[in-house]
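What follows is a set of notes on a single structure, which appears directly below.
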Amino acid sequence: MLKIGVLALQGDFAEHAAVLREIGAQPLEVRKAEQLADLHGLIIPGGESTTISRVARASGLFEPLRQFVAHKPTWGTCAGAILLAKRITGEAAHLAVMDITVTRNAFGRQIDSFSTDLTVEGFETPLRAVFIRAPIIESVGADVRVLARLPDGQIVAAQQGHLLATAFHPELTSDRRLHTYFLDMCHQQRVIA
Ligand code: GLN
């Protein structure tokens, strides 16, 4: 069974843990560095990226996290994607591991939350995606594969090797395909490790 950590400093980690349990993985809420030791992968949930980063630094988890995400499968959703990004428009980066540029709260106050159907690479039918004060992925580096865009072309899901970033919240809908996709990434790395 895959043991998948969910960073549990702030945000909607409980929802991710519930989905992981539902699809047959063993979730672990991560609050201490020792808990990273034997994980097959990690989810950094949505919430407030500045808060998650601040609490991680204050609790001594930031540096161990940085080492973990450098080579182990990690999926950042919304705030989690912001934490992974090498570049954040107008702000300093946090874990700075994934070759993407993100802009926070990219949809403005009028439409700060919405849901829409996305075409995701490799999925046969559209995926319902919930956006909550979401970032946008402005640009990606050469090694990053774009997995989904909004109809206007803005990037909202991308993968760079062992790193997955989504601007929306797959833990808030009943579609389990992205969680299953991430488990496949973790399984593959476990096989080759
Ligand atoms: N607006 C948040 C941030 O900038 C992200 C929102 C979310 O995770 N739903 O960190």
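Counting convention: from 1, in listed order, for ligands and their atoms alike. Heads up: numbering here begins at 1 and tracks the sequence.
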### Query
Heavy-atom contacts under 4.0 Å between Arg133 and ligand 1: side chain, backbone, both, or neither?
both
### Query
Can you list the ligand 1 atoms lying under 4.0 Å from a non-hydrogen atom of Gly46?
8 (O)
### Message
Students should be able to answer this: which protein heavy-atom is nearest to atom 7 (C) of ligand 1, and at what distance?
### Response
Cys78 SG, 2.8 Å
#### Entry: Contact check: Thr50 vs ligand 1, nitrogen or oxygen atoms, below 3.5 angstrom
no
### Query
Could you state the interatomic distance from OG1 (Thr89) to CD (Glu138), rounded to the nearest 0.5 Å?
5.0 Å
### Message
His169 versus ligand 1: do any nitrogen or oxygen atoms come within less than 3.5 Å of each other?
### Response
yes
### Query
So, are Asp175 and Arg128 salt-bridged, with charged N and O less than 4.0 Å apart?
no
### Task
Select the closest option to atom 5 (C) of ligand 1 among Gly80, Ala81, Gly47, Ser49, judged by heavy-atom distance.
Gly47
### Which residue and heavy atom of the protein sit nearest atom 1 (N) of ligand 1, plus the separation
Asn105 OD1, 2.7 Å
### Message
Suppose we measure from atom 4 (O) of ligand 1 to each protein heavy atom; which comes out shortest, and what is that distance?
### Response
Arg104 NE, 2.6 Å
### Query
Hey, are the side chains of Leu28 and Gln35 touching, using non-hydrogen atoms and a 4.5 Å cut-off?
yes
### Task
Working to the nearest 0.5 Å, report the span between CZ of Arg87 and OG1 of Thr103.
11.0 Å
### Query
About how many Å separate CG of Leu83 and OG1 of Thr74, when rounded to the nearest 0.5 Å?
11.5 Å
### Task
Give a yes or no on whether the ring-centroid distance for His40 and His187 is below 6.0 angstrom.
no
### Message
Tell me the contacting part of Ile82 for ligand 1: side chain, backbone, both, or neither, using a 4.0 Å heavy-atom threshold, strictly below.
### Response
side chain
### Query
Mind checking whether Pro135 has an N or O less than 3.5 Å away from an N or O of ligand 1?
no
## Note on the structure
Here the gap from Arg149 atom CZ to Glu121 atom CD, rounded to the nearest 0.5 Å, amounts to 10.5 Å
